[in-house]
J.: 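Below is the structure I would like to discuss, written out as structure tokens.
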Amino acid sequence: MTALLSINGISKRFRGLAAVSRVSFDVSQGEIFAVIGPNGAGKTTLFNMIAGAIPPDEGTITFAGTRTDGLRSDQIARLGVGRTFQLVRPFPALTVEDNVIIGALMQTKTVRDAETIARDTLARLDLFDKRTQIASSLTLPDRKRLEVARALATGPKLLLLDEVMAGLRPTETDRIVATLRDLNRDGLTILLIEHVMRAVTALASRILVLHHGAAIAEGNPEQVLRDPAVVESYLGAESL
Amino acid sequence: MIDIWHRLPMRGKMLCLAALAAAIAAPLVADRYLLSVLILVFYFAYLGQAWNLLMGFAGQLSLGHALYLGLGAYTATALWTLFGIGPWIGVFIAIPVAAAAGMIVGWLGWRFAIEGVYFALLTIAFAEFTRIGFDHLQITGASAGLFLSVNSPGSDKWWNLGGGPLLYYYLALILAVAATLLVAWLRRSPLGYRWLAVREDPEAARAAGIDIFRAKMIAMLISASMTAVGGVFYGFYYRNLFPSQVFDIGRSIEIIMAPIIGGLGTVFGPLVGAILLTPLGESLTALMQHFGVNTPGAKSIFYGLTLMVIITLQPSGVWPWLARKLGLDRPRT
Amino acid sequence: MTAITLNIVVQGILTGLVYGLMALGLSVIFGVMRVVNFAHGEFTVVAMYAAFLLFDMLGVSPLVSLLPIAVAFFFLGYVLQRSLVEPFISRAEHEQFILLVGLATVVVNGLLLIFGPDAHPINLPYSFDSYTVGSLFIDKVRVFAALGAFAICIALFLFFRYTRTGTAIRACADNLTGAGVVGLNVKQLYAVTFGLGFACIGAAGTLMATIADASPGLAPAYTLLAFVIVIIGGLGSMAGALVGGVLIGISEALAGFYIQPSMKSMFSFALLIIVLVLRPQGLMGRRL
């Protein structure tokens, strides 16, 4: 398998504080890769660098054979990286459908086609019946699903999910897990940051553990979750 | 375009057609004064559409649209008075002039991440800067003004935008209708969706692959160009231009009234706002004259109060509320 | 520097200090509440008229009426914030703008209705006196106005630095949520801030009345002037307002003398555009 996303020694410092230091990993085509770690471990910073929201201080990011570090986030999005935000940011005053149409317009030129894509995507995420609602009127779980739908509608090769399960009830989590597994089966590569271990173990084929900005373990879930360093720094603190 | 028409509910179609028919037939019954009010209604509806494109759709607050209005007016008028180039050609020079000014303002602002209030102030600064510049530009008459002669050969011909109120009336109507159609079409175009995304959340818009700088620049380009056309109309309708009037910040505020009162970011808002506001102001003037009050500030006080009341009570404007009342807010079945 | 240039620069600095005080009001309000007072120049002119009326009808010198007018303006600002602006604090920027543009329109046209378009000068007995220092001739009124403005600015600095209320207001500006959490009455502090901003306007307007003739036409120009100064100095920076005021004062004086009085504000706007492009946070402002 070839690496779709290749992270090579990237670092980010904020006012001298190392948020991410020399992290490297590869995400293969077709896998679900999870990044876990306690709060403040640098997960979201890592994500923002991959998505181009902030530039890395050092290191390289290669996506589908193209160097993406230093590109703007919209350029990276157009290369095929879809993302959600940890604090959801749907377009508040627009309808659910218009939100997703905006995403879909990245892969098609006409609004008519974008509408078709949007409706399919909404149906897939159980939001079809709510498509005429204004986004700001949705409940938090629905808004999270809307974020996923908008990112998905851009037709990404890689989907970055930033804690989409946080704050959801177990049944809602299971629904999203099922949807994501479906999407993955259809060929979508997923990189997720997640706190909900139940979702991570259910989805991820490989896990990277971040602690104080550095990678302390990487491998398949069984290996990683048994790693003493991981248990001590992370699982010990928050427990399964 | 046909698509948009189909989306309108039956009642909306009837209403549009009836309003259009009434507007076309209006000169049959309207006297000269009423016609002059209607000309202003459509003129402000047109300019409102232009400004609304930038603010209502792309979310960029410009308080300096007088710049594009003035540049459009001065370019076409000066071409006519100095070189005898008629407005139908002049407008195609006025548009790029104003558009270039818009590009400079947009580029300076958005390249350097000047947003919101700062951007609004930048737009004011440019308009004021230009106003003072024109105050000292001898070739266009400086602060003494630029006048269109009514006696020069051909100046009363329609192809030189000269003539009676009927000409200006239908011209303003065509401008307003065309602008509304253009905005309606843009709203449902990929570009329109991108603007809305930029307005709602620039960061999330980027994540959806939108080059927000480009989207804003295109909005500015179209908005400034449309405003310049309005300026050409202004120049040839009033037939005199003073920098202190046409570039004034009061002019910019006048432009933004109709869309704000009518409903920002809606297709019909600028139209509704202009229809409500202009006759209100005019009738107030008439009323005061009737009672022998001749005070220049009173009308503006009324405008100011209207702005304050509307923005406090109905910040999203009259049209969304009206559309709900008329049952026009559910465009699709 | 020739004597004449030096003269002009000194006059510009003195006028600029009064500008700075006016802009300080705008800066304080924006720095704390993130509201841009678009009616700033309009109320400055209201204060000028107040000073004119007190002088014209009661013979009170502006240097005496300075304090009562500033206090009255404090309460005016307090009430305006409480009644009109408060509901708009968390609203969109353009909505705040429009509210205040509306207010500005009402105020300036109200002045026009009451006083007419003509200028109303205050002719003090020493209006045309000047101090002579070497080759410098400095207008007496301008010195008084500048000293008054400077003193009030210092008083305001000290207030924000050393009083409980001042510190609490700075806390609101730095971290609104935090200020609410530790139990500060944010609404009350906002109203006080708005009041202080207006007290600056009141004082600046009164002093301005001694060096410029009150007329409604000045109002929009002063609003723009205050904006230009505050952005050049850095929105929210108190020292920046003074520095910006002095800079603009000098630029206006020089342009007015060497080029054309009517073109002086063109240079201010050019300065503004340059600053916005090169350093959008202003000369003394924190990074955006």
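Naming: A, B, ... by sequence-line order, numbering from 1 per chain.
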J.: Would you say CG of C/L278 has more than 12 non-hydrogen atoms from neighbouring residues, nucleotides or ligands within 6.0 angstrom?
T.: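 Counting neighbours around CG of C/L278, more than 12 heavy atoms of other residues, nucleotides or ligands fall under 6.0 Å, so yes.
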
J.: With only heavy atoms counted, which part of B/M55 is less than 4.5 Å from chain C, the side chain, the backbone, both or neither?
T.: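 Interface part for B/M55: side chain.
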
J.: Side chains of B/T312 and C/F88, heavy atoms from C-beta outward: is any pair under 4.5 Å?
T.: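 B/T312 reaches C/F88 side chain to side chain.
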
J.: Roughly how far, to the nearest 0.5 Å, is the NE2 atom of B/H136 from the CE atom of C/M266?
T.: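 Reported to 0.5 Å precision, the distance equals 8.5 Å.
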
J.: Quick one: what part of C/I231 sits under 4.5 Å from any heavy atom of chain B, side chain, backbone, both or neither?
T.: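 Interface part for C/I231: side chain.
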
J.: With a 4.5 angstrom heavy-atom cut-off, could you sort out which part of C/L272 is near chain B: side chain, backbone, both or neither?
T.: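 Side chain only.
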
J.: Can you name the residues that form a side-chain hydrogen bond (donor to acceptor under 3.5 Å, both in side chains) with B/R187, not counting sequence neighbours?
T.: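 Once residues adjacent in sequence are excluded, the partners of B/R187 under the side-chain hydrogen bond (donor to acceptor under 3.5 Å, both in side chains) criterion are A/D98.
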
J.: I'd like to know which of B/A125, B/G133, B/G59 tops the heavy-atom pair count under 4.5 Å against chain C.
T.: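 Of the options given, most contacts go to B/A125.
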
J.: Distance from B/F126 atom CZ to C/I273 atom CD1, nearest 0.5 Å?
T.: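 So the gap between those two atoms works out to 4.0 Å.
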
J.: Is there a side-chain contact between B/M308 and C/L84 in this structure, where contact means two heavy atoms from C-beta onward sitting under 4.5 Å apart?
T.: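 Heavy-atom side-chain distance check passes, below 4.5 Å.
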
J.: Quick one: what part of B/I253 sits under 4.5 Å from any heavy atom of chain C, side chain, backbone, both or neither?
T.: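 The side chain, not the backbone.
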
J.: Count the heavy-atom pairs under 4.5 Å between each of C/L100, C/L224, C/V101, C/L111 and chain B, then report the option with the highest count.
T.: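 Most heavy-atom pairs under 4.5 Å with chain B: C/L224.
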
J.: If I take atom CD from residue C/E93 and atom CZ from residue B/F119, how far apart are they, to the nearest 0.5 angstrom?
T.: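 The CD atom of C/E93 sits 12.5 Å away from the CZ atom of B/F119.
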
J.: For C/F267, is it the side chain, the backbone, both, or neither that has a heavy atom closer than 4.5 Å to a heavy atom of chain B?
T.: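 Contact with chain B involves no heavy atom of C/F267 at all.
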
J.: Heavy atoms, side chains only, cut-off 4.5 Å: are B/I301 and C/T105 in contact?
T.: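 No. Closest side-chain heavy atoms not under 4.5 Å.
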
J.: Supply the atom-to-atom distance B/I310 CD1 to C/I98 CD1, rounded to the nearest 0.5 angstrom.
T.: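 It comes to 11.0 Å.
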
J.: Let me know if B/T306 has heavy atoms under 4.5 Å from chain C in its side chain, its backbone, both or neither.
T.: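 Neither part.
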
J.: Check the surroundings of atom OH in C/Y258: do more than 12 heavy atoms from other residues, nucleotides or ligands lie under 6.0 Å from it?
T.: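 Yes, enclosed.
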
J.: Considering only heavy atoms, which portion of B/I311 lies under 4.5 Å from any heavy atom of chain C: side chain, backbone, both, or neither?
T.: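 Both parts, heavy atoms under 4.5 Å.
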
J.: So for B/I260, is it side chain, backbone, both, or neither that comes closer than 4.5 Å to the heavy atoms of chain C?
T.: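 Just the side chain, heavy atoms under 4.5 Å.
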
J.: Are B/L63 and C/F97 packed together at the side-chain level, in the sense that at least one heavy-atom pair is separated by less than 4.5 angstrom?
T.: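 Sidechains of C/F97 and B/L63: in contact.
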
J.: Who are the salt bridge (Lys or Arg N to Asp or Glu O under 4.0 Å) partners of C/R91, not counting sequence neighbours?
T.: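 With neighbours one apart ignored, the set is C/E95.
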
J.: OG/C/S265 to CG/B/D135 distance, rounded to the nearest 0.5 angstrom?
T.: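 Here the rounded value is 9.0 Å.
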
J.: Name the option with the most non-hydrogen atom pairs under 4.5 Å to chain B; the candidates are C/Q260, C/M263, C/Q96.
T.: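 Of the candidates given, the most pairs with chain B belong to C/M263.
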
